[in-house]
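Reckoned from all heavy atoms, side chains included, excluding hydrogens, waters and symmetry mates. These numbers were taken from a predicted model, which means no experiment stands behind them.
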Amino acid sequence: MVQQYQSPVRVYKYPFELIMAAYVRRFPNCPLIPIFVDSEVVKEEHSDDGATVFIERRCKVEADAPRLFKRMAGVDYLYFIHKNTLDRRERALHIEVVNETFSNRVIVHEICNYTVHPENEEWTCFEQTASLDIKSFFGFENAAEKLAMKQYANSIKKGKEIIEYYLKELEDEGVTHVPRWSPPQAPPPTSQSHSTGSESKHSGLALGCIGLVDYKLDADYIRRYLGDLTPLQESCLIRLRQWLQETHKGKIPKDQHVLRFLRARDFNLEKAREILCQSLTWRKQHQVDFLLDSWERPQLLHDYYTGGWHHHDRDGRPLYILRLGQMDTKGLVRALGEESLLRQVLSINEEGLRRCEENTRVFGRPISCWTCLVDLEGLNMRHLWRPGVKALLRIIEVVEANYPETLGCLLILRAPRVFPVLWTLVSPFIDENTRKKFLVYAANDYQGPGGLVDYIDREVIPDFLGGDCLCEIPEGGMVPKSLYRTAETLESEELRLWTDTIYKTASVFKGAPHELLIEISEPSSVITWDFDVCKGDVIFNIYHSRRAPQPPKRDVQGAHGSIVSPATNNMQLIDRSWILGQDYSMVETALTCKEGESVQGSHVTRWPGFYILQWRFHCSPACSTSSLPRVDDVLASLQVSSHKCKVMFYTEVLGSKDFRGSMTSLESSHSGFSQLSAATTTSSQSQSSSTVSR
C-alpha cells in the first residue's frame with residue numbers, strides 16, 4: 001500500500017531571499033539532523049542571466065533502524081538524490097527527492113516548494129508532499145513501512161526548527177536583509193555546467209516554482225482553530241479535505257467538522273471518509289442544515305423539557321445542563337412523539353456546533369466539543385418506560401453517527417440506585433471513546449474534592465446544585481394527560497423526519513437502471529438535478545423521446561435473477577424493443593459518477609416531449625477489460641450486493657419564462673447545500689447545453 005503525506009502550508013514571516021540564505025546553510029550537512037551525514041554536489045547549472053539555478057546533490061543518511069534491519073539490508077547508510085531548482089525571478093524553490101538505495105524495492109518520492117505568500121510578498125510559504133511505496137523488503141514490509149513513517153514524521157517536525165535556527169544565526173551575524181535578484185546590466189556570461197565532488201558550506205541555492213492550488217490549509221490556522229496535530233494527522237485532514245473538494249463541490253463542511261470524523265476513527269482516512277459521506281448525505285436528505293432556522297419548538301418543550309445551555313466550563317467549552325430526573329419522558333413521548341424529541345436533540349447539537357465556533361473566537365483557542373451535566377435526582381422506574389427507552393436508543397444512534405467527538409465530558413450527578421439499570425440498556429449503543437468521557441457521582445459526592453468544581457467555576461454552578469448562579473432551565477413536571485395524543489396519530493408521524501424530504505432515493509442494479517420521466521411541453525425549459533451517489537459507481541444519461549413510454553414498471557428481478565423487495569425503488573421506462581437513435585435519442589454525453597460524489601447540473605431542452613433521466617450501473621474497467629476473470633471478481637459476482645448501487649436525487653423543471661440568468665451556470669435552486677460550509681461556492685463546467693459539477 002502506498003503511504004502518502006501532505007503538509008499544510010507553513011508560513012515564515014520573512015522575505016523569500018532571507019529564507020533562501022538560511023536554507024542553503026543546511027548543506028553539506030546539518031548538526032540539527034545527526035542522521036544527515038553528508039552531501040555532495042553532482043551537478044550544477046546556471047541560466048545565462050543567473051535567474052535560474054539547478055543543483056543536484058547526492059545525500060548520505062545514516063540508517064536509523066534496529067540492528068536486525070541493518071544486518072538484513074546489509075547497509076549502514078542510505079543515499080538519496082536531492083534536486084533543487086531555484087527561480088530567482090519568480091522567487092520560488094522547487095525541491096524533489098528520490099531514494100537511490102533499495103530503489104528496486106522501495107520508492108520514496110518527496111516534493112517541497114518554497115514560494116512567496118500570495119497576500120504578503122514579504123512572507124514565504126512552504127509546502128511538502130511525499131509518498132512511500134514498499135514493494136518488498138525481506139518479508140518485513142509492514143515493519144519497515146511503520147518505521148519509515150515514524151522517522152519521516154520526526155524529520156518533518158524538525159524542518160521549521162532548522163530554518164528558524166539558521167535565521168537566528170544570520171541575525172546574530174548582522175544579516176537581516178538579502179536584496180532581491182535583478183537582471184544583470186552587463187551582457188550575461190555563457191551558460192555553464194560542471195560537476196564537483198564537494199560543496200562549500202554556504203554555497204549554491206536551489207529552487208523551482210509551483211503555484212499554490214486553490215485550496216490550502218495554513219499551519220498557523222490549524223494551531224489556532226483546530227489544535228495541535230501531528231504531521232500525519234495534518235496530512236489526513238488535508239487529504240480528506242481535498243477529496244471532499246473534488247467530489248462535493250459547493251457543499252464542503254468546515255474543517256472542525258471534518259476533523260471530528262477523523263478523530264472518531266483514529267485518523268483512519270478510509271473509515272473517516274465513509275462515515276463522513278454517510279453523514280453528509282443524511283444531513284442533505286433531511287435538511288438538517290436548516291433545522292435551527294426552520295423548526296419551531298412546540299410550547300410543550302418550552303414548558304416541560306428540562307434542559308438548556310448554561311455558560312461554559314473551565315476549559316471554555318459550552319455547558320449544557322439536563323435535569324433528566326425532573327423530566328416526564330413518558331409524557332413527552334405520548335404528547336409529542338419520537339419525531340419532535342429527535343428534532344429537539346438535533347437542534348441542541350446544531351446549537352452546540354455554533355457555540356463551539358463562537359467560544360473558539362472568544363477564548364482564542366480551538367474549542368470543538370461541549371460539556372454536558374446530567375442531574376438524575378428524581379430518576380425512577382417511570383423513566384424506564386419501554387417506548388421511552390426505545391426513543392432514547394434511536395436518538396443516541398443518530399447522534400453517535402452524525403455528531404462524533406462533540407462531547408468533551410459528561411458529568412452525571414446524584415445517580416440513584418435505578419441508574420445501573422438504565423446504563424445497562426443504553427451503554428452498548430454508545431461508542432467506547434464516548435463512554436470514557438462519562439463521570440458518575442452518586443448522592444452528594446459531586447460536592448467534594450474531584451467533583452463539580454474541578455470542571456465548572458463556582459460562580460456558574462446552578463442554584464439547584466448548591467451554587468449561587470440562577471439557572472433558567474424549566475423545572476419540568478408531569479405533562480397533563482389531556483395533552484396526550486392517540487397512538488394512531490403518533491404512529492403516522494413517528495418517522496416523518498426520515499420521509500419528509502425533497503430528495504428521493506433509488507436503487508440501481510446491474511442490468512436494471514433507474515429511470516425518471518420528465519414531460520416537457522415548452523421548449524427552452526430547464527431541467528435541473530442534484531444527486532449523490534451513496535453506494536457504487538453509476539453512469540448518468542439523459543434521453544429524449546417524442547413518444548410516451550409505457551407506465552413505469554417496478555423491477556422485482558435483481559441481478560442474476562435474484563428477487564428484490566417490491567419496496568426497492570427502481571423504475572425502468574425505456575422499453576427493451578426501443579432502438580437508440582430511432583425511438584429515443586441521447587441529449588447529453590454520458591457522465592460516470594463515482595461512489596461518494598455529489599453532482600449538480602442542468603439541461604436546456606430544445607424540443608417538447610419526454611425526457612428520461614437514467615442512472616445505470618457502472619462496471620469497473622478491471623472487470624470489463626480482462627479476458628479472464630480474476631478470483632476477486634468471481635467472488636464478488638456471487639454477492640448480489642456487489643451489483644447494487646444507490647443514489648439520492650432531486651429534480652426540478654424551470655419554465656423558460658421563469659428563468660433569468662446564464663444557461664451555462666445554472667444550478668438547482670433547491671439543492672441542499674450544506675451550511676456547515678463557511679462558503680457555499682459551486683464549481684460548474686459547461687457541457688454541451690448542460691452544466692455538471694462534481
inquiry  = Using a 6.0 Å distance limit plus a 45 degree cone around the ring axis, check whether Arg314 lies over the aromatic ring of Tyr455.
reply    =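 No; the conditions do not both hold, so Arg314 does not lie above the ring face of Tyr455.
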Could you report the tightest heavy-atom contact between [X] and [Y], atom names first, then the distance?
X: Gly536; Y: Cys645; value: CA-SG, 3.8 Å
X: Pro253; Y: Leu280; value: CG-CD2, 4.1 Å
X: Leu376; Y: Ile412; value: CD1-CG2, 3.4 Å
X: Ile542; Y: His603; value: CD1-CB, 4.3 Å
X: Gly408; Y: Arg317; value: CA-NH1, 3.6 Å
X: Pro474; Y: His302; value: CG-O, 3.3 Å

Quick one: does [X]'s side chain get under 4.5 Å of [Y]'s, heavy atoms only?
X: Leu269; Y: Arg239; answer: yes
X: Leu342; Y: Glu339; answer: no
X: Asp228; Y: Pro366; answer: no
X: Cys593; Y: Phe531; answer: yes

Between [X] (side chain) and [Y] (backbone), is there a donor-acceptor pair under 3.5 Å?
X: Ser525; Y: Glu522; value: yes
X: Asn349; Y: Val345; value: yes
X: Asn359; Y: Gly316; value: yes
X: His383; Y: Asn380; value: yes
X: Asp313; Y: Asp315; value: yes

ask   = Taking the six-membered ring for Trp, are Tyr221 and Tyr225 parallel (under 30°), tilted (30 to 60°) or perpendicular (over 60°)?
value =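 Rings of Tyr221 and Tyr225: tilted, 30 to 60°.
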task = May I ask you to decide if the ring planes of Trp615 and Phe540 are parallel, tilted or perpendicular, using 30° and 60° as cut-offs?
result =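 Tilted.
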task = Check side-chain contact (heavy atoms from CB on, under 4.5 Å) between Asp454 and all other residues, then give those that pass, not counting sequence neighbours.
result =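 With sequence neighbours excluded, Asp454 shows a side-chain contact (heavy atoms from CB on, under 4.5 Å) to no residue whatsoever.
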Asp463: partners by side-chain contact (heavy atoms from CB on, under 4.5 Å), with sequence neighbours left out =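 With sequence neighbours excluded, Asp463 shows a side-chain contact (heavy atoms from CB on, under 4.5 Å) to Leu470, Cys471, given in chain and number order.
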Within this structure, what is the [atom1]-[atom2] distance for the pair [X] and [Y], rounded to the nearest 0.5 Å?
X: Leu353; Y: Glu351; atom1: CG; atom2: CD; answer: 9.5 Å
X: Tyr305; Y: Arg297; atom1: OH; atom2: CZ; answer: 8.5 Å
X: Leu516; Y: Ile518; atom1: CG; atom2: CD1; answer: 5.0 Å
X: Leu439; Y: Tyr446; atom1: CG; atom2: OH; answer: 15.5 Å
X: Thr505; Y: Gln285; atom1: OG1; atom2: CD; answer: 6.0 Å
X: Arg323; Y: Leu413; atom1: CZ; atom2: CG; answer: 11.0 Å

With a 4.0 Å cut-off on N to O distance, would you call [X] and [Y] a salt bridge?
X: Asp530; Y: Lys284; answer: yes
X: Glu338; Y: Arg394; answer: yes
X: Glu358; Y: Arg354; answer: no

request  = Could you go through the side-chain contact (heavy atoms from CB on, under 4.5 Å) check for Thr329 and Trp385 one step at a time?
outcome  = CA-CA 8 Å; Thr329 54; Trp385 179 56; 5.9 Å; no
query = CZ of Arg435: more than 12 outside heavy atoms within 6.0 angstrom?
reply =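 Count over threshold, so yes.
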task = Using the test side-chain hydrogen bond (donor to acceptor under 3.5 Å, both in side chains), find all partners of Arg273 that sit at least two apart in sequence or belong to another chain.
result =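 Arg273 satisfies side-chain hydrogen bond (donor to acceptor under 3.5 Å, both in side chains) with Glu270 once adjacent residues are dropped.
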Could you pull out every donor-acceptor pair under 3.5 Å between side chains of residues 395-407 and any protein atom, sequence neighbours left out?
| residue | atom | partner | partner atom | Å |
| --- | --- | --- | --- | --- |
| Glu400 | OE1 | Asp431 | N | 3.1 |
| Asn402 | OD1 | Ser279 | OG | 3.0 |
| Asn402 | ND2 | Val398 | O | 2.9 |
| Tyr403 | OH | Glu350 | OE2 | 2.6 |
| Glu405 | OE1 | Lys437 | NZ | 3.2 |
| Thr406 | OG1 | Tyr403 | O | 2.8 |

request  = May I have all residue pairs that pass salt bridge (charged side-chain N to carboxylate O under 4.0 Å, His left out) and include part of residues 466-481, sequence neighbours excluded?
outcome  =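 Checked against salt bridge (charged side-chain N to carboxylate O under 4.0 Å, His left out) - neighbours excluded - no pair reaches residues 466-481.
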message = Applying salt bridge (charged side-chain N to carboxylate O under 4.0 Å, His left out) as the test, list every pair that has at least one member in residues 411-428; sequence neighbours left out.
response =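 Every pair satisfying salt bridge (charged side-chain N to carboxylate O under 4.0 Å, His left out) with a residue in residues 411-428: Asp375-Arg414, Glu377-Arg414.
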request  = Indicate, with yes or no, if the rings of Trp309 and Tyr320 have centres closer together than 6.0 Å.
outcome  =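 Centroid distance Trp309-Tyr320: below 6.0 Å, so yes.
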key: Ring centres under 6.0 angstrom apart (Phe649, His514)   =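 Ring centroids of Phe649 and His514 are less than 6.0 Å from each other.
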task = Check the side chains of Glu515 and Gln614 for a donor-acceptor pair under 3.5 angstrom, ignoring hydrogens and angles.
result =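 The criterion, which ignores hydrogens and geometry beyond distance, is satisfied for Glu515 and Gln614.
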request  = Among Val333, Leu332, Asp328, find the one that has a side-chain contact (heavy atoms from CB on, under 4.5 Å) with Lys330.
outcome  =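 Of the listed residues Val333, Leu332, Asp328, the side-chain contact (heavy atoms from CB on, under 4.5 Å) partner of Lys330 is Asp328.
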